[in-house]
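The next block holds one structure in the form of structure tokens; read it before the comments.
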Amino acid sequence: MIKAITGTKDILPSDISKWYFLENLIKKIFSKFNYKEIRTPIFENTSLFARGIGEATDIVSKEMYTFLDRSGESLTLRPELTASVVRALIEHSLEKKQSLNKLFYIGPMFRQERPQAGRYRQFHQFGAESIGSNDPLLDAEMIIMAFDILAQLGLKNLEVKINSLGVPSEREDYKNVLREYLKSHLSNLSEESKKRFETNVLRIFDSKDERDIEIMKHAPLLINYLKDESLSHFETVKSTLKKANVNFSVDSSLVRGLDYYTHTTFEIVSKSVGSQSALCGGGRYNGLVKELGGSDLPGVGFAAGMERILLACENENVLSIPEDKIDLYIITLDKTKSELSYNIAISLRRKNLTVELDYLLRSVKAQMREANKLNAKYVLFVGGEELKNNEVVLKNMLNSEQENISLNEIEKLIKKIGE
Ligand code: HAM
């Protein structure tokens with residue numbers, strides 16, 4: 001038997017209402033903040049992600065689904081959407097039509113990570129990008145939007161962590177300070193961190209290795225090497241969040257796994273899921289548009305993992321979605337009248353009612369069982385004695401009241417069911 005690929009998941013009809021609910025909430029909140037949806041292709045030129053996210057990052061060096069197409073071009077299934085959104089902005093000169101572009105997206109992403117609860121190879125993100133302004137109020141806006149979506153789902157065990165990575169020159173100076181500190185500890189670092197010492201020294205803060213954690217506890221912190229402008233940007237983000245009643249903590253080791261960040265970075269973690277606890281992450285990326293060949297435009301954004309959010313909802317037992325219901329189930333009493341039932345169903349569906357009927361020539365009892373299973377509000381009996389008088393019988397499943405209705409009065413039926 002052919003099975004789904006490791007790390008991918010089918011979203012079955014029994015789960016789809018949760019996804020609809022989440023998607024609708026996302027769209028509602030983003031539209032309140034005046035973000036417009038953008039949809040970009042699932043695959044892009046590999047160089048877009050290599051340049052955008054950074055060659056030395058885990059995503060680019062280990063996790064991308066990259067392949068050569070039949071003409072020998074290197075393509076990659078998108079591991080995230082910030083680079084794609086920036087590419088689309090540049091390609092369509094969106095900044096000329098709108099000096100601040102506020103964009104959002106929802107869709108599948110692909111990373112070849114080791115699958116575990118909350119970590120998949122095809123997963124779904126929603127996210128937002130605001131490109132064209134360096135205003136720290138927009139950094140705060142991202143955190144507020146992400147927080148509001150999670151809070152409106154009913155999630156409680158949330159922790160907002162923020163940090164500032166300053167500007168590239170501050171970071172370069174700091175990296176030298178950090179390398180200097182680490183030199184005397186180098187032999188005690190894990191193999192992975194030894195490699196990162198050369199390629200991406202900041203990421204040693206992300207190590208889960210006990211020895212690395214101990215060493216990094218005493219490391220100098222970037223925040224202490226930021227200049228006034230960066231500090232004041234960060235102060236505004238913090239005071240804005242306070243005014244908006246979003247509780248947060250400053251986590252100076254929050255470096256994030258993508259190279260494009262400048263100034264603010266943030267994550268919202270849930271204490272209700274296991275080790276994959278980051279429900280969302282983001283930050284400012286003032287150099288990215290230029291890096292990808294556009295003009296020197298600042299940007300800020302975030303993305304959230306939808307599977308993880310739904311997992312947190314399940315663990316906290318929030319998100320009570322009303323059961324699926326249908327308006328009407330048509331029970332055909334006499335199989336020779338199936339065509340009439342079918343025609344009634346079609347005309348009622350065209351009048352906006354949700355209608356189902358039997359396609360399996362089932363007994364009346366089995367059809368009744370099906371009507372109950374589908375939570376039908378009404379049942380319509382077609383056939384039997386009543387039909388000789390050109391009538392059908394409508395039963396209200398809530399109070400069991402029955403009523404004969406003439407087939408010439410179908411409007412009456414629609415009105416009754418639609419009430
Ligand atoms: P990221 O931190 O790589 O950031 O991903 C954002 C979120 O996607 C994570 O917090 C997590 O919830 C979810 N996620 C990531 N990998 C997986 C996976 N393998 N399985 C399930 N969920 C996953 C970005 O992608 C940036 N583009 C965010 C951003 C937008 N920064 C600025 N703008």
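Just so it is clear, the values below take in all heavy atoms, side chains as well, and ignore hydrogens, waters and symmetry mates. First listed ligand is number 1; within each ligand, the first listed atom is number 1.
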*Got a sec, which pairs hit ring pair (Phe, Tyr, Trp, His ring centres under 6.0 Å) with one end in residues 276-314, sequence neighbours left out?*
Y260-Y285
*asked:* What does the 4.0 Å heavy-atom contact list look like for ligand 1?
replied: E80, T82, Y105, R111, E113, G118, R119, Y120, F123, Q125, E129, R256, L258, Y260, Y261, A278, L279, C280, G281, G282, G283, Y285, G301, F302, A303, G305, R308
*Any Lys/Arg nitrogen of E63 or R119 sitting under 4.0 Å from an Asp/Glu carboxylate oxygen of the other?*
no
*Should E198 and R179 count as an ion pair when the cut-off is N to O under 4.0 Å?*
no
*Partner set under ring-ring contact (aromatic ring centres under 6.0 Å, His included) for F266, not counting sequence neighbours*: none
Could you pull out every donor-acceptor pair under 3.5 Å between side chains of residues 271-279 and any protein atom, sequence neighbours left out?
| residue | atom | partner | partner atom | Å |
| --- | --- | --- | --- | --- |
| S272 | OG | N157 | ND2 | 3.1 |
| S272 | OG | E316 | OE2 | 2.6 |
| S275 | OG | Q116 | NE2 | 2.9 |
| Q276 | OE1 | R308 | NH2 | 3.2 |

*Does the side chain of D251 reach to within under 4.5 Å of the side chain of E267, using non-hydrogen atoms?*
no
